[in-house]
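The structure under discussion appears below in the form of structure tokens.
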Amino acid sequence: AMMSRSHDEL
Amino acid sequence: MNVFRLLGDVSHLVAIIILFLKIFRSKSCAGISGKSQVLFALVFTTRYLDLFTSFISIYNTVMKVVFLVLSYATVYLIYLRFRSSYDSESDTFRVEFLLVPVAGLSFLENYDFTPIEILWTFSIYLESVAILPQLFMITKTGEAESITTHYLFFLGLYRALYLANWVWRYHTEGFFDQIAVVSGVVQTIFYCDFFYLYVTKVLKGNSKLTLP
């Protein structure tokens, strides 16, 4: 699975 | 955006508004941990640094501004406007025991060793433990007004809904944010015993939550 963060979540 | 995340953001907003209105209208912050509210203001400050540098959507910007304004306004009400009602003798959790490990871990375990990313990681780890002073204060005083329990319910529900959002995103887009998911699980677990008390006591119509 990708290890990244979403920049659109609060 | 999916329904779980939208409901989660709404639940988060409801929680923050419940708390602000409770203090503002009752002109008292009795039973409220100022330390937790300071930690939440710090969470939003370190997480929303991109507020002015990257525009994602109107919704995203509006919610970030609302969360920041309401959290700082709540801290203002507790420590300045209604400070005579602030119960500092009961709000004794040693927040340095939270800040130091969280800061250390955000330097060790992050997605990118840059200031923005480390501060974002710090805000994620800090949010998972920010409610502890408030939960500790309730165990210390042995009670909580029902409005405070409603605040905690929606606050705990918000991250539980975000967990559902991450399950949904994993299955629909293969998206997986390990730092946020692990922290979100820890954060939600801290609310479990409160959720049990909330359902068994407060929803039965008790005027306030009194711990056994």
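All values below were derived from every heavy atom in this structure, side-chain atoms included, with hydrogens, water molecules and symmetry-related copies excluded. Numbers restart at 1 for each chain; the letters A, B, ... are given by sequence-line order, proteins then strands.
Applying the ring-ring contact (aromatic ring centres under 6.0 Å, His included) rule to B:H150 yields the partners B:Y198; only residues at least two apart in sequence or on another chain are considered.
The closest side-chain donor-acceptor pair between B:K140 and B:T92 falls under 3.5 angstrom.
For the pair B:R94 and B:F97, the distance from NZ or CZ to the six-membered ring centre is under 6.0 Å and the angle to the ring normal is within 45 degrees.
For residues 58-66 of chain B, a heavy-atom distance under 4.5 Å to chain A picks out B:Y59, B:N60, B:M63, B:K64, given by residue number.
Only the side chain of B:Y48 comes within less than 4.5 Å of a heavy atom in chain A; its backbone stays farther off. With a 4.5 Å cut-off on non-hydrogen atoms, B:N165 touches chain A through its side chain but not through its backbone.
In this structure, the side chains of B:F176 and B:R169 stay at 4.5 Å or more apart for every pair of heavy atoms.
You'll find the ring centres of B:F4 and B:H171 outside the 6.0 Å limit. Proximity of the aromatic rings of B:W166 and B:Y162 is defined here by a centroid distance below 6.0 angstrom, and this criterion is met.
Remark: B:L132 CG to B:F93 CZ distance equals 5.0 Å, nearest 0.5 Å.
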